[in-house]
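Note sheet for the following structure.
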Protein chains: 2
Amino acid sequence: MTARSTPEQTLELAAFVPFRLNRLADGVSQHLAVIYRKRFGLDIPQWRVMATVGSKHGCTAQYIAASTRMHKSRVSRAIGELEARALIERASSGEDRRQRQVHLSRSGRRMYSELVPLALEREAALLACLGPERLAGFMVGVETLERFLELED
Amino acid sequence: MTARSTPEQTLELAAFVPFRLNRLADGVSQHLAVIYRKRFGLDIPQWRVMATVGSKHGCTAQYIAASTRMHKSRVSRAIGELEARALIERASSGEDRRQRQVHLSRSGRRMYSELVPLALEREAALLACLGPERLAGFMVGVETLERFLELED
DNA sequence: CCAAGACGGTTGCGGGCGCAACTAGTTGTG
DNA sequence: CACAACTAGTTGCGCCCGCAACCGTCTTGG
């Protein structure tokens with residue numbers, strides 16, 4: 001009853017979800033990276049650090065690494081570059097002298113307050129192409145996959 | 001009537017869709033890369049070339065680049081490595097002597113026929129965590145975004 | 001038919017990043 | 001207290017990849 005001459009199973013990359021997800025995430029990133037790079041001179045690791053520190057003042061490098069899922073060396077370098085541009089400042093923690101608390105500087109806060117509305121607006125413009133109900137269905141899928149892969153937080 | 005003391009708009013990275021999409025795509029890739037790398041010794045560019053050539057025999061490097069959205073140099077190097085492992089073969093095209101038609105070798109076909117079922121199975125296992133209806137809703141969102149960003153094909 | 005430009009594919013170069021080793025500081029145990 | 005094990009963060013090394021220059025091959029137009 002089953003086919004004898006195995007008809008050579010094939011895989012169309014354009015229909016393969018992992019590939020499509022990669023391509024989609026990449027496209028979305030490109031869509032946003034323009035702002036970060038051209039307008040503020042930030043690359044993605046730097047942007048992620050800015051975003052994290054902007055909403056979690058005084059956090060540590062390891063906190064940033066955990067919540068952005070970037071390798072600690074990448075975080076360390078991004079922090080170094082941002083500090084060199086005086087966008088963030090580091091203060092030794094009194095508690096544990098190994099860790100350094102990261103804060104936005106005055107100009108860092110200024111950039112952050114300019115950057116965030118643009119990013120949110122760009123995100124909204126992207127998601128607007130789905131209606132509200134499609135968006136909801138999409139996000140349910142994203143959340144379920146995140147939980148399955150244990151990516152949340 | 002508008003707020004006077006702007007309450008400093010913030011952005012939570014964990015709720016920012018572009019970031020979450022990147023993280024998700026990355027998680028999914030990791031989930032699959034194990035197979036490619038540990039079992040077949042392929043990295044992602046190589047896997048994409050194998051997949052493309054396996055379903056489009058005799059295609060050219062530029063076709064691979066266009067359909068995988070990889071830079072042509074990345075494609076060129078991946079092809080070179082696969083050829084060195086005798087998984088693919090290149091034949092000069094009679095039509096245009098600049099381009100070279102890429103085929104799977106005998107051992108390439110063997111690997112392909114082993115690789116594809118595993119990849120599809122792994123994809124299915126991943127998507128199974130969404131039910132059929134959640135999956136449908138999720139894919140509608142993915143397709144809509146792809147069209148919006150002009151990523152299809 | 002020849003020059004100029006376009007195009008397929010390759011490669012040197014430099015930048016970014018993961019890995020692993022390292023420093024400095026902390027915690028736990030006898 | 002001493003010593004081992006652990007943790008926060010930094011950095012040298014090597015790999016991967018995008019960029020741009022390049023080579024050989026078409027193609028077009030004068």
Side-chain angles (χ1 to χ4, degrees), chain A residues 19 22-23 25-27 29-30 33-34 36-38 41-50 52-53 56 58-85 88-103, chain B residues 19 22-23 25-27 29-30 33-34 36-38 41-50 52-53 56 58-85 88-103:
Chain A
F19 169 73
N22 252 291
R23 193 179 57 176
D26 218 70
S29 276
Q30 290 310 321
V34 178
Y36 309 149
R37 196 177 48 249
K38 295 190 69 172
L42 299 176
D43 60 23
I44 286 179
Q46 290 166 354
W47 146 252
R48 288 181 179 171
V49 169
M50 289 291 291
T52 305
V53 176
K56 194 87 176 182
C59 66
T60 65
Q62 92 176 309
Y63 174 85
I64 299 171
S67 67
T68 60
R69 301 219 141 211
M70 295 194 291
H71 193 274
K72 60 179 180 170
S73 63
R74 203 166 156 196
V75 173
S76 174
R77 290 189 248 254
I79 290 177
E81 291 150 12
L82 293 171
E83 191 182 35
R85 287 178 61 187
I88 64 174
E89 293 159 355
R90 277 187 283 199
S92 304
S93 157
E95 298 242 312
D96 185 333
R97 293 207 327 255
R98 286 172 304 180
Q99 57 193 20
R100 321 227 250 148
Q101 300 184 324
V102 183
H103 295 271
Chain B
F19 168 73
N22 252 290
R23 194 179 54 175
D26 219 70
S29 277
Q30 289 311 320
V34 177
Y36 309 148
R37 197 177 49 249
K38 294 190 69 171
L42 299 176
D43 59 25
I44 286 180
Q46 290 167 352
W47 145 251
R48 287 181 180 171
V49 169
M50 289 291 289
T52 306
V53 175
K56 194 88 177 180
C59 65
T60 65
Q62 92 178 308
Y63 173 84
I64 300 171
S67 67
T68 60
R69 301 216 143 214
M70 293 195 291
H71 192 274
K72 60 178 181 172
S73 63
R74 204 166 155 195
V75 173
S76 175
R77 289 188 250 253
I79 290 177
E81 291 150 11
L82 292 172
E83 193 181 33
R85 288 179 60 186
I88 65 173
E89 292 159 356
R90 276 185 284 198
S92 305
S93 158
E95 299 242 308
D96 185 334
R97 294 210 321 260
R98 287 172 301 181
Q99 55 194 22
R100 321 226 252 148
Q101 300 183 324
V102 183
H103 296 272

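A, B, ... follow the sequence lines: proteins, then strands. Residue 1 opens every chain.
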N/O donor to acceptor pairs below 3.5 angstrom from side-chain atoms of residues 58-72 of chain B, sequence neighbours left out:
from  : atom 1 : to     : atom 2 : distance (Å)
B:T60 : OG1    : B:Y63  : N      : 3.3
B:S67 : OG     : B:Y63  : O      : 3.2
B:T68 : OG1    : B:I64  : O      : 2.6
B:T68 : OG1    : B:M70  : N      : 3.4
B:R69 : NH2    : B:E150 : O      : 3.3
B:H71 : ND1    : B:S73  : N      : 3.1
B:H71 : ND1    : B:S73  : OG     : 2.9

Atom pairs under 3.5 Å, N or O on each side, protein against nucleotides 5-9 of chain D: can you list them with distances?
from  : atom 1 : to     : atom 2 : distance (Å)
D:dT7 : O2     : A:R98  : NH1    : 2.1
D:dA8 : OP1    : A:Q62  : OE1    : 2.4
D:dA8 : OP1    : A:Q62  : NE2    : 2.4
D:dA8 : OP2    : A:Q62  : OE1    : 2.9
D:dG9 : OP1    : A:A61  : N      : 3.4
D:dG9 : OP1    : A:R100 : N      : 3.3
D:dG9 : OP2    : A:A61  : N      : 3.4
D:dG9 : OP2    : A:Q62  : N      : 2.6
D:dG9 : N7     : A:K72  : NZ     : 3.2
D:dG9 : O6     : A:K72  : NZ     : 3.1

For B:M50 and B:I88 the tightest heavy-atom approach is SD-CG2, 4.3 Å

Check B:L82 against B:Q46 and note the closest heavy-atom contact, atom names and distance.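 Residues B:L82 and B:Q46, closest heavy atoms: CD1-O, 3.7 Å.
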
With sequence neighbours left out, the residues meeting side chain to side chain contact (heavy atoms under 4.5 Å, CB included) with B:D26 are B:Q30

Can you check the A:I64 CD1 to D:dT10 C1' distance for me, whole Å? 15 Å

Straight-line distance of B:D43 CG to B:R77 CZ, nearest 0.5 Å: 12.0 Å

Residues 89-103 of chain A vs salt bridge (charged side-chain N to carboxylate O under 4.0 Å, His left out), sequence neighbours excluded, gives A:E83-A:R90, A:D96-A:R98

Sugar-phosphate means primed atoms, P, OP1 and OP2; the rest is base. With that split, encode nucleotides 12-19 of chain D 5' to 3' as B, S or - using protein heavy atoms under 4.0 Å. B----SBB

Residues passing the side chain to side chain donor-acceptor pair (under 3.5 Å) test with A:R23, sequence neighbours excluded, are B:E146

Given side chain to side chain contact (heavy atoms under 4.5 Å, CB included), test B:V49 with B:E81 step by step and report yes or no. CA-CA 11 Å; B:V49 169; B:E81 291 150 11; over 6 Å; no

